[in-house]
Student: 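The structure follows.
Letters A, B, ... mirror the listed sequences (proteins, then strands); counts begin at 1.
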Number of protein chains: 2
Amino acid sequence: MQTINLKTLASALGLSVSTVSKALQDSHEISPETKQRVWQLARELDYVPNPHASSLRRKRSKIIAVVIPEVADSFFTLAMKGIEVVAQQKGYHTLIYLTYESLTKEQTILHDFQSGRVDGLIISLSGQTTHIDHVTALERKGIPVVLFDRIFEGTTLPLITTNDLESGYLATQHLIRQQCRRIAFLSVSDSLSITRQRQQGYLNALTDSHLPSEPDLMLTLPAHAADQEAIMTQLLTGPKAPDGIVASVEKTAILTYQLCEKLHLSIPEQLKVISFSNLETAPLLNPSLSTITQPAFDMGEAAARTLFGLIERKSLRTMLPLQCIPSVLIPRRSTQLLAG
Amino acid sequence: MQTINLKTLASALGLSVSTVSKALQDSHEISPETKQRVWQLARELDYVPNPHASSLRRKRSKIIAVVIPEVADSFFTLAMKGIEVVAQQKGYHTLIYLTYESLTKEQTILHDFQSGRVDGLIISLSGQTTHIDHVTALERKGIPVVLFDRIFEGTTLPLITTNDLESGYLATQHLIRQQCRRIAFLSVSDSLSITRQRQQGYLNALTDSHLPSEPDLMLTLPAHAADQEAIMTQLLTGPKAPDGIVASVEKTAILTYQLCEKLHLSIPEQLKVISFSNLETAPLLNPSLSTITQPAFDMGEAAARTLFGLIERKSLRTMLPLQCIPSVLIPRRSTQLLAG
DNA sequence: TTTATTTACGAAATCGTTTTCGTAAACCGG
DNA sequence: CCGGTTTACGAAAACGATTTCGTAAATAAA
């Protein structure tokens, strides 16, 4: 079975390759009758243009890249879905890459894009990422980039974020109102802007309530699971254990739940927990988990729309350079104040 | 900033394009000295070959496609991760497509692959898919295809599955042993092989325990969320409500939990629930959810390895046509037999 | 020393589309 | 009826890499 291409169609119709090509693109240079003939044969033979040839000639591939640290996380999963919906609708294809929180991997992946493999990039930075030279390098080569959620401060690249500072503040304030006095803050990276923002919100809330901030209560968990568990156990069972936790990453909340079960600590009696999370099962957990729920899907959608805006009319940079879609705090049992 | 390609390198070095190309591929035709010169300049100028040109000429793109019904599902998320790990390791790129359980979308997506866009395809069928002509069409065009999890019976395409029949049996048997007598079976599609297998296991278990099978207890939920809720509510509050549920899809278990809370039905006292699921939070739910946990990551990995096997040495079809990786039943509180 | 073979490179065709440009033929106004 | 403009198409040059083939020079074999 030989593959069918423009040449096949052209010779079958007694036309030239260029005519067939133009006809398929509905060019005004081609007569209506010829177009009909071409379209019909193309349909009959089930012609599908070769995308590599097309990408080579036009200098655009109709492919975008999505680079995220992790996929086993409800936020990224939902964001990806938001991106994919828009991409599919716009007729774009989506390459997905996972960095597993590694800067090196992130750099390697982005480096390849210099080749023109993709028309644009949507990225959420790895936890290790402390500079974005590899990202701006792409932008300089004319490849549109949109950062979302895990952004970088002080760049002029388009950003899609949520109100992390405010949310960190509200989460902490919520715990304080539920009478927590020793509130811990958990994260997985201290280099991320998003973490710093949330943490700053946490600190501001403490200050505003005249509570001291203790370095011991601000934990950045290492990548390795076993180490995470050790450190967390130490925190929870130590003499200066917290009575409230702000989990800035979903994973750390899950870890907290697991350890509380193991250590027979009861939530919310002994420890109240609120987490940045998009877990669909948050309301079903034992106890149901209070969350700062980010507009994950919407952020993905916004990132995609912004990217396609940049791709399709590169000149007009009239798009907002920063879009902030607010999160919402949903109080549940894990932060409930119990009578007694 | 002009893009740098083989011609740039060649003229800068006073060599021909073909020599440079061969040097970069470490061809034996090129002298060691020349190779060194080429490699050094390529490194200095940060040359990255254009993948579209390369894909066009060789007839392979080093891109694979992953087509799945949904991404907001822990099984598919994990499987995707398994695939991505292998792909990254093998130097392949991964295009991701979501069908949202729609056959039409699935067909449209696959149709495009006839063009040679991808070197191979890993697919898990949509809930609507009742035939796989669109899949076999690709295979016939010489594009390797691997089906995983949601496979199709009676095809010779390579399959990666888990022991659905047996797991359906074990799940049901487990409920029976916990003294359930009216056990319902929930699914989202009755056309999927995987559903039929699980359901057959369910039926076999009933028969072996001399329990009747009632059609009213075997529910295929519609796609729309509101309808799902109505039907489930009817089931749970009706006069012939079940005392046990086998959820063949994670979503249906979550729905059950949500409704039980709303309807003030207590699990496991009034209703025991076991679900096919890979939820990381299953142990943390209220109550903790008994699951049939599928080897999602491993299945993804196996699918990818099988695919690359087919791609890289197309001739030897010595690979197993069917790989079955067993699931495990993890009993938790949601099916616990309470004293009294 | 002559012939055969290897070594190291370049010219050019090729992959399948897109796009520019050229040009017959048809059509137009005057 | 004649210069000028459309109209509708084809030839050919891209896009950037790969690969086949040809060939001078260098080396080996006889």
Side-chain angles (χ1 to χ4, degrees), chain A residues 1-39 41-42 45-63 112-119 141-142, chain B residues 2-39 41-42 45-63 91 112-119 141-142:
Chain A
M1 180 182 299
Q2 70 133 23
T3 101
I4 98 129
N5 52 27
L6 284 186
K7 210 193 304 187
T8 318
L9 293 183
S11 61
L13 290 165
L15 291 170
S16 77
V17 167
S18 38
T19 303
V20 176
S21 174
K22 287 177 205 163
L24 288 171
Q25 299 174 67
D26 202 9
S27 159
H28 67 91
E29 285 186 32
I30 306 301
S31 73
E33 301 76 35
T34 306
K35 282 184 189 173
Q36 284 302 336
R37 288 180 57 217
V38 172
W39 291 343
L41 189 67
L45 299 187
D46 200 20
Y47 167 70
V48 184
N50 182 308
H52 305 117
S54 179
S55 301
L56 176 59
R57 178 59 229 240
R58 305 174 140 154
K59 298 204 164 199
R60 21 177 300 194
S61 57
K62 293 224 120 194
I63 301 176
D112 171 73
F113 297 159
Q114 308 225 349
S115 60
R117 180 184 293 281
V118 296
D119 291 348
K141 289 236 171 183
Chain B
Q2 69 134 23
T3 102
I4 98 128
N5 51 27
L6 284 186
K7 209 192 306 188
T8 320
L9 294 182
S11 61
L13 290 165
L15 290 171
S16 78
V17 168
S18 38
T19 302
V20 175
S21 173
K22 288 177 203 164
L24 289 171
Q25 300 174 65
D26 203 9
S27 160
H28 66 91
E29 286 186 31
I30 306 301
S31 73
E33 301 76 36
T34 305
K35 283 182 187 173
Q36 285 302 335
R37 289 179 57 217
V38 172
W39 291 343
L41 188 68
L45 299 188
D46 199 21
Y47 168 69
V48 183
N50 182 307
H52 306 118
S54 180
S55 301
L56 176 58
R57 178 59 230 241
R58 307 175 140 159
K59 297 204 165 197
R60 23 177 297 190
S61 57
K62 293 225 120 196
I63 301 176
D112 170 73
F113 297 159
Q114 308 226 349
S115 61
R117 180 184 293 280
V118 296
D119 292 348
K141 289 235 173 185

Student: List in chain and number order the residues that pass salt bridge (charged side-chain N to carboxylate O under 4.0 Å, His left out) with A:D26, two or more places apart in sequence or in another chain; answer none if no residue qualifies.
Tutor: A:K35
Student: For B:S61, enumerate each residue passing the side chain to side chain donor-acceptor pair (under 3.5 Å) test, keeping only those at least two apart in sequence or located in another chain.
Tutor: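 B:S61 satisfies side chain to side chain donor-acceptor pair (under 3.5 Å) with B:D119 once adjacent residues are dropped.
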Student: Here's a test of your reading of the structure: between B:T34 and B:R58, which maps to the more 5' nucleotide of DNA chain C?
Tutor: B:T34
Student: What is the distance, rounded to the nearest whole Å, between atom OH of A:Y47 and atom P of C:dG16?
Tutor: 10 Å
Student: Please, which pairs that meet side-chain hydrogen bond (donor to acceptor under 3.5 Å, both in side chains) have at least one residue in residues 6-15 of chain B, sequence neighbours excluded?
Tutor: B:N5-B:T8
Student: Could you check whether B:S21 gets within reach of a base, just the sugar-phosphate, or nothing at all, counting any heavy atom under 4.0 Å?
Tutor: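 The answer is base, as B:S21 lies within the cut-off (heavy atoms under 4.0 Å) of a base atom.
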Student: Who passes side chain to side chain contact (heavy atoms under 4.5 Å, CB included) against B:Q25, sequence neighbours left out?
Tutor: B:S21, B:R58
Student: Base of C:dT17, side chain of A:R57 - is there a donor-acceptor contact under 3.5 Å?
Tutor: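 Looking at the base of C:dT17, it does not pair with any donor or acceptor on the side chain of A:R57 (distance under 3.5 Å).
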Student: End-to-end bend of the helix from C:dT1-D:dA30 to C:dG30-D:dC1 (five-pair axes, 10° rounding)?
Tutor: 40°
Student: If you walk 5' to 3' along DNA chain D, what is the first nucleotide with an atom under 4.0 Å of a heavy atom in chain B, and what is the last?
Tutor: D:dG16 to D:dC21
Student: Please list, pair by pair, any protein nitrogen or oxygen found under 3.5 Å from a nitrogen or oxygen in nucleotides 25-27 of chain C.
Tutor:
none

Student: If the condition is side chain to side chain contact (heavy atoms under 4.5 Å, CB included), which residues does A:T19 pass it with, not counting sequence neighbours?
Tutor: A:L15, A:S16, A:I30, A:T34
Student: Could you list the residues that satisfy side chain to side chain donor-acceptor pair (under 3.5 Å) with B:S27, not counting sequence neighbours?
Tutor: none
Student: Look up atom CG in A:L56 and atom CG in B:L56, then write down how far apart they are to the nearest 0.5 Å.
Tutor: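 Separation between the atoms: 6.0 Å.
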Student: For B:H52 and C:dC15, give me the distance from atom NE2 to atom C1', rounded to whole Å.
Tutor: 14 Å
Student: With heavy atoms under 4.0 Å as the rule, sort B:S55 into base, sugar-phosphate or nothing.
Tutor: nothing
Student: Would you say C:dT17 has OP1 or OP2 under 4.0 Å from some side-chain N or O of A:Q25?
Tutor: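 It does not, given that no N or O in the side chain of A:Q25 lies less than 4.0 Å from OP1 or OP2 of C:dT17.
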Student: Describe the nucleic acid contact of A:K59 in one word from base, sugar-phosphate, nothing, applying a heavy-atom distance below 4.0 Å.
Tutor: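 Sugar-phosphate only.
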Student: Grab the two heavy atoms, one from B:S115 and one from A:P49, that are nearest each other, plus how far apart they are.
Tutor: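 Smallest heavy-atom distance, with atoms named: CB-O, 3.3 Å.
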Student: In whole angstroms, how far is the C1' atom of C:dT19 from the NE2 atom of A:H28?
Tutor: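 Distance check: A:H28 NE2 to C:dT19 C1' gives 12 Å.
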Student: Specify the closest pair of heavy atoms between A:F113 and A:V118, including all atoms of both residues, with the distance to one decimal.
Tutor: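 Shortest heavy-atom separation between A:F113 and A:V118 comes out as CG-CG2, 4.0 Å.
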Student: So which of residues 4-17 of chain A are in contact with DNA chain C, with a heavy-atom cut-off of under 4.0 Å?
Tutor: A:N5, A:L6, A:V17
Student: Which whole-number value in Å describes the distance from A:K22 NZ to C:dT17 C1'?
Tutor: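 From A:K22 NZ to C:dT17 C1': 13 Å.
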Student: More 5' along DNA chain D: B:E29 or B:V48, using each one's nearest nucleotide?
Tutor: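 That would be B:V48.
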Student: Can you list everything that forms a salt bridge (charged side-chain N to carboxylate O under 4.0 Å, His left out) with B:R37? Sequence neighbours excluded, please.
Tutor: none
Student: OP1, OP2 of C:dA11 versus side-chain N and O of B:S18: anything below 4.0 Å?
Tutor: no
Student: Suppose we screen for salt bridge (charged side-chain N to carboxylate O under 4.0 Å, His left out). Which residues come up paired with B:R57, at least two apart in sequence or across chains?
Tutor: none
Student: In the structure I gave you, are the side-chain heavy atoms of A:Y47 and A:L41 within less than 4.5 Å of one another anywhere?
Tutor: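 No, every pair of side-chain atoms sits at 4.5 Å or beyond.
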